[in-house]
Amino acid sequence: MAKQKRPQILVTGAAGALAQQVIQRLRDHCDLVAVDFREQVYLGDDIPSYRIDFTKRVFEDLFRRYQFDGVIHLGRIQSSQLTRMRRYNANVLGTQKLLDLSHKYGIQRVVVLSTYHVYGAVAYNPALIDESAPLKAAGLSSDLVDSVELENLANIYLWRYPDLNITILRPCNIVGPGVRNSISTLLASERAPVLAGFSPMMQFIHIDDMADAIVLAYKKPVRGVFNVAPDDWVAYQQALKLCGCTRIPMPSVPPVVPRLLLKALRLKSFPSYLIAFFKYPVIIDGRAFSREFGFRPQRPLREIFHFYRENKKPV
């Protein structure tokens with residue numbers, strides 16, 4: 001009997017902790033190729049790894065050489081990284097090139113990582129936001145435009161090329177060991193800013209659970225957009241308290257005041273474009289993903305906060 005061919009999968013964003021967790025889960029039964037446009041990372045002799053700008057011609061050579069069956073696109077650059085123009089090029093033009101090549105070379109499965117930030121934080125958000133809610137972030141902050149455009153682009157390809165089997169995931173705050181995003185940096189700090197009079201409800205998902213969710217999504221080719229979140233949440237100031245952070249209250253009005261204070265204190269972990277998320281709750285409904293993919297987060301908030309309490313880094 002002929003030996004069954006192992007799936008060949010391209011994983012982008014390989015320098016990030018989440019991509020590396022996904023790679024660990026897939027490496028035993030898939031042939032993987034890892035790419036990142038920031039740096040080349042060594043993931044073992046069995047996984048070719050490249051530092052490549054997706055918009056350059058050399059990126060297409062990978063598709064010719066490896067004949068991918070699927071793509072897991074985790075290479076979204078966060079708004080706190082790079083300049084706005086470089087970020088736009090990486091997130092929007094890079095993703096467009098990736099999807100064009102996926103279509104050209106007959107890829108049959110694409111998973112795209114987005115973010116719950118695309119919903120935007122406003123005072124009149126519904127109590128539980130489902131996947132049909134409008135993406136308001138672009139109108140609220142120019143720093144989130146590329147996140148929304150990346151999503152819009154993926155949505156266009158989702159409907160135009162059904163054979164790509166695109167699934168877009170919108171997770172809540174991803175936290176845990178190795179995560180370097182804004183919220184993780186805050187939870188890991190000795191002192192963390194809060195906006196006086198505000199403590200919005202927030203959701204957190206452990207990096208291990210998020211990696212499991214991505215692998216589940218990849219293995220079941222269901223097209224569509226899905227929120228990924230546990231069904232519990234906690235107030236921001238309570239989360240800081242449980243992580244052992246000293247809270248630093250800051251005036252929230254006029255809006256320029258917290259921005260100036262953050263600049264003076266050099267608190268990069270509290271970027272001004274995310275200030276609204278520390279004012280208003282953005283609670284997403286993850287039930288559709290849980291139902292469709294049989295997903296149940298294994299790491300409770302208690303475990304997440306214990307990790308940050310035991311692993312403090314000065315800001």
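Bear in mind that the values here come from a model prediction, so they are computed numbers and not experimental data. Quick note: numbers below take in every heavy atom, side chains included, and nothing from hydrogens, waters or symmetry partners. Throughout, residue positions are numbered sequentially from 1 according to the sequence presented.
- When side chains are defined from C-beta on, Val179 does not count as touching Leu18, because their heavy atoms never get closer than 4.5 Å.
- When all heavy atoms of Leu240 and Leu187 are compared, the pair lying nearest together is CD2-CD2, 4.0 Å.
- Each of Asp232, Leu242, Val175 was compared with Leu301 under the side-chain contact (heavy atoms from CB on, under 4.5 Å) criterion, and only Asp232 meets it.
- When atom types are taken as modelled, the side chain of Ser102 and the backbone of Leu98 share a donor-acceptor pair closer than 3.5 angstrom.
- Ring-plane geometry between Tyr66 and Phe68 is classed as parallel, the angle between the planes falling under 30 degrees on a 0 to 90 degree scale with a further cut at 60.
- Across all non-hydrogen atoms, the minimal contact from Val148 to Ala137 is CG2-CB, 3.9 Å.
- Annotation: side chain of Gln238 is not in contact with side chain of Ser199 (no heavy-atom distance under 4.5 Å).
- Taking a cutoff of 4.0 Å between a charged side-chain nitrogen and a carboxylate oxygen, Asp212 and Arg25 qualify as a salt bridge.
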Q) Taking it one step at a time, do Tyr157 and Thr95 satisfy side chain to side chain contact (heavy atoms under 4.5 Å, CB included)? A) CA-CA 11 Å; Tyr157 282 77; Thr95 298; over 6 Å; no

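- Phe277 is linked by a ring-ring contact (aromatic ring centres under 6.0 Å, His included) to Tyr116, His117, counting only residues two or more places apart in sequence or in another chain.
- Put simply, the side chain of Arg170 never gets that close to the backbone of Ser114: no donor and acceptor are under 3.5 Å apart.
- A salt bridge between Asp209 and Arg299 is absent, with no side-chain N of the basic residue lying under 4.0 Å from a carboxylate O of the acidic one.
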Q) What's the verdict on side-chain hydrogen bond (donor to acceptor under 3.5 Å, both in side chains) for Tyr119 and Asn227, showing C-alpha distance, side-chain angles and the deciding distance? A) CA-CA 11 Å; Tyr119 291 117; Asn227 292 331; 2.7 Å; yes

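- No side-chain heavy atom of Pro281 sits under 4.5 Å from any side-chain heavy atom of Asn125.
- Closest approach of Arg109 to Ile166, counting heavy atoms only: NH1-C, 4.1 Å.
- Side-chain contact between Glu292 and Lys220: present, with at least one pair of heavy atoms (C-beta onward) separated by less than 4.5 Å.
- The local environment of CD in Gln108 is sparse, with at most 12 non-hydrogen atoms from other residues, nucleotides or ligands closer than 6.0 Å.
- Of all non-hydrogen atoms in Ala19 and Leu74, the two that sit nearest each other are CA-CD1, 3.5 Å.
- By the 4.5 Å heavy-atom criterion applied to side chains, Leu158 and Leu164 are not counted as neighbours.
- Between Ile183 and Phe278, the closest heavy-atom pair is CD1-CE2, 4.0 Å.
- Closest approach of Ala127 to Ile283, counting heavy atoms only: O-CB, 3.5 Å.
- Each of Val41, Leu10, Val33, Asp36 was scored for a side-chain contact (heavy atoms from CB on, under 4.5 Å) with Tyr50, with one residue passing: Val33.
- Arg51 places a side-chain N or O within 3.5 Å of a backbone atom of Arg38 that can act as its donor or acceptor partner.
- Under the 30°/60° scheme for interplanar angles, the aromatic rings of His73 and Phe54 are found to be tilted.
- The shortest distance between side-chain heavy atoms of Leu43 and Leu32 does not fall below 4.5 Å.
- Between Lys279 and Pro200 there is no side-chain heavy-atom pair separated by less than 4.5 Å.
- Between the Asn173 side chain and the Gln203 main chain, a donor and an acceptor come within less than 3.5 Å of each other.
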**Q.** Pair Tyr161-Leu99, side chain to side chain contact (heavy atoms under 4.5 Å, CB included): steps then yes or no
**A.** CA-CA 10 Å; Tyr161 304 120; Leu99 294 173; over 6 Å; no

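- Side chains of Asn155 and Trp159 form a contact here, defined as non-hydrogen atoms less than 4.5 Å apart.
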Q: Could you go through the side chain to side chain contact (heavy atoms under 4.5 Å, CB included) check for Lys97 and Phe59 one step at a time?
A: CA-CA 9 Å; Lys97 183 71 173 173; Phe59 187 44; 4.3 Å; yes

Q | side chain to side chain contact (heavy atoms under 4.5 Å, CB included) between Leu150 and Val118, worked out | A | CA-CA 10 Å; Leu150 184 154; Val118 294; over 6 Å; no

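- In this structure, Arg6 contributes its side chain and Cys30 its backbone to a donor-acceptor pair below 3.5 Å.
- For the salt bridge (Lys or Arg N to Asp or Glu O under 4.0 Å) with Glu60, the lone residue among Lys56, Arg57, Arg64 that qualifies is Arg64.
- Surrounding CZ of Arg160 are at most 12 heavy atoms belonging to other residues, nucleotides or ligands under 6.0 Å away.
- Connection of Leu26 to Val71 is not established within any shared hydrophobic cluster, with ILVMFWY side chains joined at heavy-atom distances below 4.5 Å, either directly or through further cluster members.
- Under the 3.5 Å distance criterion, with hydrogens and angles disregarded, no donor-acceptor pair is assigned to the side chains of Thr167 and Tyr218.
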Q: Take Phe204 and Phe305 through the test ring-ring contact (aromatic ring centres under 6.0 Å, His included) and record every step on the way to the result.
A: CA-CA 10 Å; Phe204 301 96; Phe305 296 150; 5.8 Å; yes

